[in-house]
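The next block holds one structure in the form of structure tokens; read it before the comments.
Nothing here was measured: the structure is a model prediction, and the numbers come from that model. So that the names make sense, note that chain A is the first sequence line, chain B the second, and so on, each numbered from 1.
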Protein chains: 2
Amino acid sequence: MSTIRGARERARIEVTAAIKDEARKQLAAEGAAKLSLRAVARELGMVSSALYRYFPSRDDLLTALIVDSYDAVGEAAEAALPKAGDTPGPYPARWVAVACAVRDWALAHPHEYALIYGSPVPGYTAPQDTVGPASRVGLVLIGLVREAYLAEGLAVPPLTAELRPEAERMAADLADDLPPGVVVALVGAWAQLFGLISFEIFGQFDRLVEARELLFRRAVHELGRSTGLLDGRSAGAGR
Amino acid sequence: MSTIRGARERARIEVTAAIKDEARKQLAAEGAAKLSLRAVARELGMVSSALYRYFPSRDDLLTALIVDSYDAVGEAAEAALPKAGDTPGPYPARWVAVACAVRDWALAHPHEYALIYGSPVPGYTAPQDTVGPASRVGLVLIGLVREAYLAEGLAVPPLTAELRPEAERMAADLADDLPPGVVVALVGAWAQLFGLISFEIFGQFDRLVEARELLFRRAVHELGRSTGLLDGRSAGAGR
DNA sequence: TCGAAAGCAAGAGCAGTGCTCTCGTTTCTG
DNA sequence: CAGAAACGAGAGCACTGCTCTTGCTTTCGA
């Protein structure tokens, strides 16, 4: 399926990758606003118009970087799960580990994080290609909670009557073997997790919070509890 | 102190306001990336270079808009508090009301919201002028929780030993009459609140969540509980 | 009161951007 | 092997932020 036909196709793949690499470098250095097609081309020793053979527009290049970033953060989250052969820790600790992995990735790649979880820069609606990779972190969280639910049960968060239809719809979409109350709490926790990270990355905690990892762990642990993850102890912040 | 010296100063104030108004209009229409000094000047019937008498650079114009936006959302939050003469509702309901006011403002002004809570566009560090207005929403939340604490007490969230020094430092900075555990929970809830709003504004809930206000209210109510706000009932989502 | 000083709008111009079009050249393919 | 497709280079267009100079007007102090 992915056989390389000849020198031309091979060259195309390499040049495309080189463009993305150089663009990612400029993105990390200066941010998405300062990323310039001409500068990328210049750095690669080609003329700017040649670059349009590979990406039809600047927005398409950005979209490619967005997809890659979603994949990178998704991979970071997946890598934080216990590998086959490990003796996995308790579920709340795994939950915190995944969150910390996402946070670490964001701290290491702030501009890429801003690209995907900050203001949407290109158009206003995300292209279709991004929705798949965008959900990888969410899928990790869902998988983790599902595993906990099947293994040792959950403290199912209660649902109001008016929220129940929507909760059941979402549960059918996302995880039909999880109680709707858990799915609602999980989607909320997902958004709130990125709120914590965004505030830290975007400087909202400057001159306010010092021990950011400790605060993050405490909040995320609490977030795990709010989705029903059983804690052993009845309250308190774990590490 | 703010006496207007003459026609010149009056004109300057008016022109500055006109520039900001037009810029805000373009911001709302196309987003911060597309905001152009030349287009603003064109629309105002002046030449682009004249605009630099009022704002030294495009970033300074954006900074002015950022300050205004922080003020606007802060004002929206303050307006959601019970006015003098009202019979105020229970504290969890007030908490949810403030959060909903912020969310409503964000939905009505998505690009301005993105300007302040999305990726920081201009430099990378926020200018000093923004830190005051930026904290208004936070101050509303602090004030609300403090009032609840003094009036009817709080379920003080527990603190681990390693988090205690930081918690006490933050409490001394933000609200020295609140228990450190509450301050830590409050700062977390503050970030998580904007995580919920950002995910909705930035399209992360597209094709996923339908009844967004219901979900928001449930999560925010839970957030209030996590900071210690007493609920009456022991669990569940109120409105 | 009157002249210097400061504030102002206008225009030209510079360097940079995204993007399009054309024109030879190279590579693939029927 | 010839036609087709892909490619790199270059010129060019419309736009951007920003600077500098040139006159005009308002303000203010001697």
Round to a whole Å and report the spacing from [atom1] of [X] to [atom2] of [N].
X	N	atom1	atom2	result
B:Ile13	C:dG7	CD1	C1'	15 Å
A:Asp60	C:dG18	CG	P	13 Å
A:Phe55	C:dC19	CZ	P	13 Å
A:Leu44	D:dA9	CG	P	11 Å
A:Leu61	C:dT17	CG	P	14 Å
A:Leu51	C:dT17	CG	P	12 Å
A:Arg53	C:dC23	CZ	P	14 Å

**Study point:** From CG (B:Leu37) to OG (B:Ser57), nearest 0.5 Å
**Key:**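 B:Leu37 atom CG to B:Ser57 atom OG measures 8.0 Å (nearest 0.5 Å).
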
Practice item. Measure the CZ-CG distance between A:Arg212 and A:Leu107 for me, rounded to the nearest 0.5 Å. Key: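 A:Arg212 atom CZ to A:Leu107 atom CG measures 9.0 Å (nearest 0.5 Å).
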
**Study point:** Residues in contact with DNA chain D, drawn from residues 14-25 of chain A - heavy-atom cutoff 4.0 Å
**Key:**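 Correct list: empty, so none.
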
**Study point:** A:Arg8 side-chain proximity, nearest of C:dT26, C:dA10, D:dG8
**Key:**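 The listed nucleotide nearest to A:Arg8's side chain is C:dT26.
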
Any Lys/Arg nitrogen of [X] or [Y] sitting under 4.0 Å from an Asp/Glu carboxylate oxygen of the other?
X	Y	answer
A:Arg207	B:Asp173	no
A:Arg94	A:Glu147	yes
B:Glu9	B:Arg12	no

Point to revise | Footprint string (nucleotides 11-20 of chain D, 5' to 3'): B base within contact, S backbone only, - free, heavy atoms under 4.0 Å | key: -B---BBBBB

Review point. At under 4.0 Å between heavy atoms, what does A:Tyr54 touch on the DNA or RNA strands: base, sugar-phosphate, or nothing?
Key: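 Sugar-phosphate, no base atom in range.
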
Review point. Is the backbone of B:Leu35 close enough, under 3.5 Å, to the side chain of B:Arg58 for a donor and an acceptor to pair up by distance?
Key: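 The answer is yes, because a donor-acceptor pair under 3.5 Å joins these two groups.
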
Check your understanding: Between the main-chain N or O of A:His221 and the side-chain N or O of A:Trp95, is there a donor-acceptor pair closer than 3.5 Å?
Key ->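 Not at all, since once roles are kept as given, no pair shorter than 3.5 Å links the two residues.
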
Point to revise | side chain to side chain donor-acceptor pair (under 3.5 Å) pairs, two or more places apart, involving residues 187-203 of chain A | key: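 Matches after skipping sequence neighbours: A:Arg103-A:Glu200, A:Tyr113-A:Ser198.
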
Review point. Would you say D:dA6 has OP1 or OP2 under 4.0 Å from some side-chain N or O of A:Arg12?
Key: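 It does not, given that no N or O in the side chain of A:Arg12 lies less than 4.0 Å from OP1 or OP2 of D:dA6.
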
Check your understanding: Taking the inter-plane angle between the rings of A:Tyr117 and B:Phe199 on a 0 to 90° scale, is it parallel (under 30°), tilted (30 to 60°) or perpendicular (over 60°)?
Key ->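 Parallel: the ring planes of A:Tyr117 and B:Phe199 meet at under 30°.
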
